[in-house]
Amino acid sequence: MDPYVFVRGLHIFSAFILFGTGLGTAFHMYVACRSGAVAGIARVTRQVVLADRLFTLPAGFIQLATGLWLIHLAGHDLAAPWLLLSYLLYATAGAAWLVVVKLQLDLQRLAITAMDQDSDLPDRFWRAFALWVRLGWVGFVSLIGVFVLMVARPALW
């Protein structure tokens with residue numbers, strides 16, 4: 001099998017995993033949090049943290065590695081403007097995701113504590129949740145930009 005075809009297939013598959021897991025966990029967590037059901041929120045935050053560890057993190061690394069490998073195999077200039085913009089967008093999504101992971105761990109801890117104490121979620125939970133939503137949009141829009149650049153490639157320049 002042609003190495004380029006293999007790496008491109010792996011790159012596309014990991015993009016599905018990265019984007020699909022991101023959308024699925026974001027929807028699941030958003031709906032759970034909006035319900036206000038503390039026990040459900042505690043359960044879902046645990047699931048989202050686990051899904052990020054099992055799927056999002058590895059897919060993010062695979063995306064980076066296979067993307068750089070594809071650039072090399074295709075003979076593109078690493079400093080081409082469309083690639084520089086894609087690096088910036090990918091780094092933006094990655095930075096947002098790192099903060100989101102920290103927020104998810106905080107949300108999980110706060111929800112479990114509220115559940116164990118049979119109390120309402122504290123204001124801190126809702127502030128962290130609001131930031132989680134905003135950063136999720138930053139990551140989502142950034143990855144859409146990367147996808148557009150990967151499909152359009154140098155034709156844009």
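Each residue takes its place number in the sequence, starting with 1.
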Apart from Leu98 itself, members of its ILVMFWY cluster (side-chain separation under 4.5 Å) are Val49, Leu57, Phe61, Trp97, Val101, Leu105
Residue pairs passing the salt bridge (charged side-chain N to carboxylate O under 4.0 Å, His left out) test with at least one member in residues 87-105, sequence neighbours excluded, are Lys102-Asp106
Atom CZ of Phe6: over 12 foreign heavy atoms under 6.0 Å: no
Thr66 meets the side chain to side chain donor-acceptor pair (under 3.5 Å) criterion, sequence neighbours left out, with His11
Output a table of donor-acceptor pairs, distance under 3.5 Å, between side-chain atoms of residues 27-37 and any protein atom two or more places apart or on a different chain; print 'none' if there are none.
unit_1: His28; atom_1: NE2; unit_2: Gln47; atom_2: OE1; d: 3.0
unit_1: Ser35; atom_1: OG; unit_2: Ala32; atom_2: O; d: 2.5
unit_1: Ser35; atom_1: OG; unit_2: Ala37; atom_2: N; d: 3.2

**Item:** Heavy-atom donor-acceptor pair, Tyr90 side chain to Gly60 backbone, under 3.5 Å
**Value:** yes
Residues passing the side chain to side chain donor-acceptor pair (under 3.5 Å) test with Ser86, sequence neighbours excluded, are none
Residues joined to Val151 in its hydrophobic cluster, side chain to side chain under 4.5 Å directly or through other members, sorted by chain and number, are none
Sorted by chain and residue number, the salt bridge (Lys or Arg N to Asp or Glu O under 4.0 Å) partners of Arg46 (sequence neighbours excluded) come out as none
Under 3.5 Å, which donor-acceptor pairs do the side chains of residues 68-80 form with other protein atoms, sequence neighbours left out?
unit_1: Asp77; atom_1: OD1; unit_2: Ala79; atom_2: N; d: 3.0

What one should report as the nearest heavy-atom pair of Ser14 and Ala59 is O-CB, 3.7 Å
* Does any N or O in the side chain of Thr21 come within less than 3.5 Å of the main-chain N or O of Leu18, such that one atom is a donor and the other an acceptor? -> no
Connected to Phe13, directly or through other members, by ILVMFWY side-chain contacts below 4.5 Å are Ile17, Leu50, Leu54, Phe55
Side chain to side chain donor-acceptor pair (under 3.5 Å) filter on Gln104, not counting sequence neighbours, yields Asp52, Trp132
dist Met150:CE -> Ile12:CD1 (nearest 0.5 Å) comes out at 12.0 Å
Quiz prompt | Any side-chain heavy-atom pair of Leu103 and Phe129 under 4.5 Å | solution = no
Pairs of donor and acceptor atoms involving the side chains of residues 114-127, under 3.5 Å and at least two apart or interchain, shall be tabulated with distances.
none

dist Thr56:OG1 -> Gln63:CD (nearest 0.5 Å) comes out at 11.5 Å
Report task. Identify whether Phe19 and Ile62 are in the same connected component of the hydrophobic contact network (ILVMFWY, side-chain heavy atoms under 4.5 Å). Result -> no
Name every donor-acceptor pair, under 3.5 Å, that has one atom in a side chain of residues 135-143 and the other anywhere in the protein, sequence neighbours excluded.
unit_1: Ser142; atom_1: OG; unit_2: Val138; atom_2: O; d: 2.8

Hey, quick one: are Val133 and Val48 part of the same hydrophobic cluster, counting side-chain heavy atoms closer than 4.5 Å, chains of contacts allowed? yes
d(Leu149 CG, Leu84 CG) to nearest 0.5 Å is 10.5 Å
